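What follows is one structure encoded as structure tokens, with my remarks underneath.
Each ligand, and each atom within it, is numbered from 1 in the order the structure gives. Just so it is clear, the model here is predicted, and its values are computed rather than measured. By convention here, the first residue in the shown sequence is residue 1.
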Amino acid sequence: MDFSHTIYDSTGQDNFVSLAQASSAYSAHHMNTFMKQLLSTIDLDTLGSIYFRHLSMALPLAKIDLASVKEAMCFGQEKISAPCIVTLPFVNTAITTSGENIFAVYSFYEELERQERNTLATMHQIFAKPLQHALEFERLKLMMTKDALTGLGNRAGFDEASKRLSSRCNRHRSQFALLVIDLDNFKSVNDNYGHLEGDRVLQEVASHIAHALRHSDEAFRFGGDEFCCLIDCETSTDLLAVANRLHQRVNNCKFMQQKNISCSIGGAIFHPEENLETVFKRADEALYRVKLTGKNAYLAA
Ligand SMILES: Nc1nc2c(ncn2[C@@H]2O[C@H](COP(=O)(O)OP(=O)(O)OP(=O)(O)O)[C@@H](O)[C@H]2O)c(=O)[nH]1
């Protein structure tokens, strides 16, 4: 991860400090939760009544819930008058959604007294390490759920995501679907072209699967030449459409055509109160039936 932080720039530039920059996937939600935890540890007396004018130019980027920051700071409302906002030394937390440079924390200090700046420098020293650790922790967590070869989620990632999805579906009485994709005769690629070429096929297939899905869907490499997708859809007709799209896209990709191989797909819709094992078993059984009856097709449970 590209991580850097600078503690207190005493040379007097406008940008007091760029506390942290990270390029790992980092959501606004994570950041919000983390900031709330951080804020709850602040000694408000130490912080005193440091006020910053919030720079409106940064607002469009600011995904953090500023209201919750105010609330967590526990300052009396009468002290906060628009357009001023009381925040931590982190005046603006800018979070982009592109996945690159996910957040940057800036403070602007030109209006501060010397003593206030010193307090800020101390605050930064206090927060930089925990922030760095939290980021590192998130990065490691992310690595643990990613498949190194394809960049898709791995089996642990799938377990985590499917549990999250199933509890949401149970709560909202909604549904989602599962597709299990297995390459046909993939072993022949390894045997005839070598393991490295086999790896390349898996990478290309993974990329095509990921690109064929919508934003709300997720793809994983379950292991070997087997992939899984969690699909946001509720009817077998919709699922059939997604499965056909994936089937075509994977079969038509360059390496699959060159190596003359195909894929088989099994699908099942998760119903509220069904458990994850049974929906997976149903999709896997459908896949197994495709394999037994000639491969290269889609079947729903
Ligand atoms: N190159 C490569 N091969 C792998 C990897 N993981 C598993 N495999 C190979 O993938 C193959 C999967 O086995 P099978 O599913 O039985 O092979 P298949 O020829 O696709 O058989 P069917 O599914 O019945 O069509 C085995 O030959 C494994 O050695 C990997 O990371 N890279």
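At least one N or O atom of Phe186 sits closer than 3.5 Å to an N or O atom of ligand 1. In terms of polar-atom proximity, defined here as any N/O pair under 3.5 Å, Asp184 makes no such contact with ligand 1. Considering backbone and side-chain atoms together, Ser188 places no N or O closer than 3.5 Å to any N or O of ligand 1.
Follow the hydrophobic side-chain contacts under 4.5 Å out from Phe222 and you reach Leu276 in the same cluster. Both Ile261 and Leu149 are members of a single hydrophobic cluster when ILVMFWY side chains are connected at heavy-atom separations under 4.5 Å. Residues Met256 and Ile209 are members of one and the same hydrophobic cluster, defined by side-chain heavy-atom contacts under 4.5 angstrom among Ile, Leu, Val, Met, Phe, Trp and Tyr. The cluster map of Ile, Leu, Val, Met, Phe, Trp and Tyr, joined by side-chain heavy atoms under 4.5 Å apart, puts Phe220 and Val279 in the same cluster.
Atom 25 (O) of ligand 1 is flagged as protein-proximal [any protein heavy atom, distance under 4.0 Å]. Protein heavy atoms come within 4.0 Å of atom 19 (O) of ligand 1.
Of the possible polar contacts, one joining the Ser264 side chain to the Asn296 backbone as a donor-acceptor pair under 3.5 Å is found.
Electrostatic pairing of Asp232 and Arg214 does not count as a salt bridge here, judged by no charged N lying under 4.0 Å from a carboxylate O. Contact check on Arg282 versus Glu285 returns no salt bridge, with no Lys/Arg side-chain nitrogen under 4.0 Å from an Asp/Glu carboxylate oxygen. The pair Asp184-Lys291 meets the salt-bridge criterion, with a side-chain N (NZ, NE, NH1 or NH2) lying under 4.0 Å from an Asp/Glu carboxylate O.
Not close to ligand 1: Glu226, with no non-hydrogen atom less than 4.0 angstrom away.
Atoms of ligand 1 lying under 4.0 Å from at least one heavy atom of Gly198, given by number and element, are 1 (N).
Closest to atom 27 (O) of ligand 1 among all protein heavy atoms lies Lys187 CG, 3.4 Å. The protein atom (non-hydrogen) at minimum distance from atom 14 (P) of ligand 1 is Asp225 OD2, 4.3 Å. Shortest contact from atom 6 (N) of ligand 1 to any protein heavy atom: Gly224 CA, 3.3 Å. Nearest protein heavy-atom neighbour of atom 5 (C) of ligand 1: Arg221 NH2, 3.7 Å. Among all non-hydrogen protein atoms, the one lying nearest atom 3 (N) of ligand 1 is Asn190 ND2, 2.9 Å. The nearest heavy-atom contact from the protein to atom 21 (O) of ligand 1 is Asn185 N, 4.0 Å. Atom 32 (N) of ligand 1 has its closest protein heavy atom at Asp199 OD1, 2.6 Å.
Contacts between Leu202 and ligand 1, counted as non-hydrogen atom pairs separated by less than 4.0 Å, involve the side chain only. Of the heavy atoms in Asp182, only side-chain atoms (C-beta onward) come closer than 4.0 Å to ligand 1.
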Would you check, one step at a time, whether the test side chain to side chain donor-acceptor pair (under 3.5 Å) holds for Ser188 with Asp191? CA-CA 5 Å; Ser188 66; Asp191 293 346; over 6 Å; no
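Contact record, Ala301 with Arg289: CA-NH2, 4.2 Å, taken as the closest heavy-atom pair.
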